[in-house]
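We count ligands from 1, going down the list as the structure has it; atoms in each ligand are counted the same way.
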Amino acid sequence: MDIVNSISLSFGPSAKRLVDYLPKGSYVAAAVVLFLCKKVYDFTTVPDKLSHFPSVSYFSFLRSTLAVESIEDRTRRFILPLLHKNNGFYVSKFPFYWTVFVTEPLAVQYLLMKGEIFPKDSRFMDALSKDSLAVRLFGNSNVVFSTGDLWKHQRKAMNPVFHRTVPVDLFGRMIPDIFKLIEKTDGNVLVDSFLQKITFDALGRALFGFDFKTMGDDDSEWIAAYNDAMSGITAPILQVATSYERILRHFYPHYDKASKGIDKLNKLILDMVDEKKKKIEESKGQPDAGHEKDFLTLILEAEMKENAISDPDDLRANLAIFIAAGHLSTASSIAFCIYHMAINKDIQNKARREALDILGDDDSMVPPTVAECKRVNYINMLVKEVLRLCSPFGAILERMTAEDVTLSGAFIPKGTLVSVDIEALHKNPAIWKNPTVFDPERFRKGGEYDQHKGITWAPFSDGNRKCLGVNFSMAEQQVVLLMLLKHYEWDLPENSIHKNGIVYDSIFSFTPKSLSIKFHKRH
Ligand code: HEM
């Protein structure tokens, strides 16, 4: 068959007409161009089996990501207008695979609670090469990404640490250092970096029994290495074409900095593990100190006892993912609580009344006890409203349908990737009254949230893959907010870039960019 006929067969008669106009020598070039056009068309067109869902165009998503548009803005522009078309379902391809996003509350509940029908899918991480930035830091089989028996094994080892009493006293012991950080300034505190240090140190002390000492160190190597590493892993250019990272690294100016950050962070983590092992060896045979052991000690002790040393790189990758999952998300939530209280003084005053009622109104630095934290009500409502309005994660990682399913009337064939769009779920006006308004009262007992059916609030996801650190994070937020409210009042400075709405830091909308807050001591 000659090339003209084969073009006609592959691309249709109009392609043949186009080729007829071309000089003979251009057939090959035309074939290549048409082949590439077909590839782009196939890549960017919703597959037939999902064409009954409204979709977000691939190019819109691409443009939005490259323009570093926040998830909040993107959701408002493209996604919310689609939701009424198919009962809260839509499809989108980002970055590589067509995925059905679910925002209908009963369907969300079914999806999250039926882990066996919707197991997590690891193809995104599997698609990355071993030397990609993300895999070099997180591996591709840590507890967040792993599936099946490996995940069950990892989670079983971790559950006991997270299901015991949350370390409220440990968070409390950090308060003097937190206040010292504020006192070092003229009252204008760069809240995002201040909270990153607090949550980094809290995680280290509670989970690893290790003091990162970032609070007392303006040039912390841990923070510098982490931020350099993540600047590469979350770079928009690498998000849209992750599997071409090998090529793209030459065009991405900060690639080397990110790569060195990863090497440095990995080394710091391995040194921490070595130090811990030495301590465990030294303490052998000595009486137990009586306090609860941290996560890292438990894991290393189990390995040493069973003489079953697991791959050191697996442990390192899991510690790296804990650092990533466990500090900035909480830091971001506290930052948004501070921000919303700065611009809603009545809410700040109401939260303070609760803090003073629980802790008393004096200048003592005594932190709250577990019993006192249990009395917190309004501040919890406020945190929940912040996690609704400013959820650190826009969506859960993809799941794969293990069988044909019909969710709230929508048919989803076996083998389809599905996810919950947390941002759209939290902002859908069909679910929440005036969803863009900050109003903690939604979460009062018997209030708006209690009237909902299904799952309408899912910042920590739910079901078997629910966030492991939910209690840890909520307790940390309570302690920090109680103590800040007791000892300080605060405002958003007149010249703040957030005066007319939040300016986000990255496409992942983790933190408000350079959020500066003016603190005034109360005593
Ligand atoms: C405001 C703070 C936090 C938020 C909003 C949050 C949110 C989430 C979400 C949405 C998931 C589910 C991801 C998915 O399935 O796609 C998740 C999983 C996870 N989170 Fe968190 N998280 C927070 C804090 C923490 C903390 C403090 C830790 C650890 C100390 C932590 C550790 C984890 C782990 C290990 C998983 C994986 C659980 C599994 O798949 O079995 N998170 N988190």
Side-chain angles (χ1 to χ4, degrees), residues 71 99 101-102 108 111-113 115 118-122 124-125 138 141-159 161-164 166-167 170-171 195-196 198-208 294-296 299 317-337 380 383-400 417-423 425-426 455 457-481 508-511:
I71 293 176
T99 304
F101 285 89
V102 182
V108 170
L111 192 159
L112 293 178
M113 294 303 166
F118 304 97
K120 218 172 213 182
D121 187 83
S122 60
F124 178 74
M125 286 307 283
F138 299 131
S141 53
N142 62 59
V143 65
V144 176
F145 300 120
S146 64
T147 53
D149 288 344
L150 176 62
W151 168 73
K152 279 189 196 146
H153 174 74
Q154 289 171 331
R155 183 99 186 203
K156 201 169 149 206
M158 295 170 183
N159 274 342
V161 179
F162 285 91
H163 288 162
R164 67 191 188 197
V166 280
L170 182 142
F171 298 141
L195 287 167
Q196 181 176 25
I198 295 171
T199 50
F200 212 100
D201 283 1
L203 192 83
R205 291 188 204 182
L207 286 193
F208 310 148
D294 61 84
F295 168 66
L296 185 54
I299 289 201
N318 265 305
L319 299 180
I321 201 78
F322 267 104
I323 292 176
H327 86 286
L328 271 188
S329 44
T330 303
S332 151
S333 182
I334 304 176
F336 283 120
C337 287
N380 273 352
V383 173
K384 284 183 180 170
E385 175 65 345
V386 158
L387 287 169
R388 180 191 70 81
L389 204 57
C390 315
S391 170
F393 299 103
I396 61 164
L397 296 172
E398 281 93 349
R399 274 49 168 173
M400 169 65 73
L417 288 176
V418 289
S419 171
V420 174
D421 184 333
I422 301 176
E423 179 71 13
L425 178 72
H426 288 181
I455 292 182
W457 184 80
F460 297 102
S461 182
D462 216 323
N464 65 345
R465 303 295 302 242
K466 184 175 178 172
C467 175
L468 203 48
V470 51
N471 294 337
F472 183 95
S473 172
M474 289 302 279
E476 187 176 4
Q477 298 190 55
Q478 276 177 353
V479 173
V480 172
L481 290 174
F508 293 105
S509 82
F510 248 154
T511 35

Test of proximity, L207 against ligand 1: N or O pairs below 3.5 Å: no
Under-4.0 Å heavy-atom contact with ligand 1, by part of K120 that carries it: side chain
Subset of ligand 1 atoms that lie under 4.0 Å from at least one heavy atom of W151: 39 (C), 40 (O), 41 (O)
R155, any N or O under 3.5 Å of ligand 1 N or O: yes
Side chain, backbone, both or neither: the part of L203 lying under 4.0 Å from ligand 1 by heavy atom: side chain
Heavy-atom check, side chain of H153 versus side chain of S146, under 4.5 Å: no
Parallel, tilted or perpendicular, as decided by the 30° and 60° cut-offs, for the rings of F171 and F472: perpendicular
Residue portion contacting ligand 1 (non-hydrogen atoms closer than 4.0 Å) for M158: neither
F322 ring center near F162 ring center (under 6.0 Å): yes
Region of Q154 that comes within reach of ligand 1 [heavy atoms, distance under 4.0 Å]: neither
Donor + acceptor pair across side chains of T330, S473 (<3.5 Å): yes
Polar protein atoms near atom 21 (Fe) of ligand 1 [N, O or S; cut-off under 2.8 Å]: C467 SG
Ligand-residue contact atoms, ligand 1 with F393, heavy atoms, under 4.0 Å: 4 (C), 6 (C), 7 (C), 8 (C)
Proximal ligand 1 atoms for P392, defined as those under 4.0 Å from one of its heavy atoms: 5 (C)
Heavy-atom nearest neighbour in the protein, as seen from atom 37 (C) of ligand 1, with distance rounded to 0.1 Å: V144 CG2, 3.6 Å
Sub-4.0 Å heavy-atom approach of K152 to ligand 1: no
Proximal atoms of ligand 1 relative to I396 (non-hydrogen, under 4.0 Å): 16 (O)
For F472, the ligand 1 atoms whose distance to one of its heavy atoms is below 4.0 Å: 27 (C)
Atoms in ligand 1 flagged as close to V143, the criterion being non-hydrogen separation under 4.0 Å: 35 (C), 39 (C), 40 (O)
Protein contact to atom 10 (C) of ligand 1 [nearest heavy atom, distance to 0.1 Å]: P459 O, 3.2 Å
Sub-4.0 Å heavy-atom approach of T199 to ligand 1: no
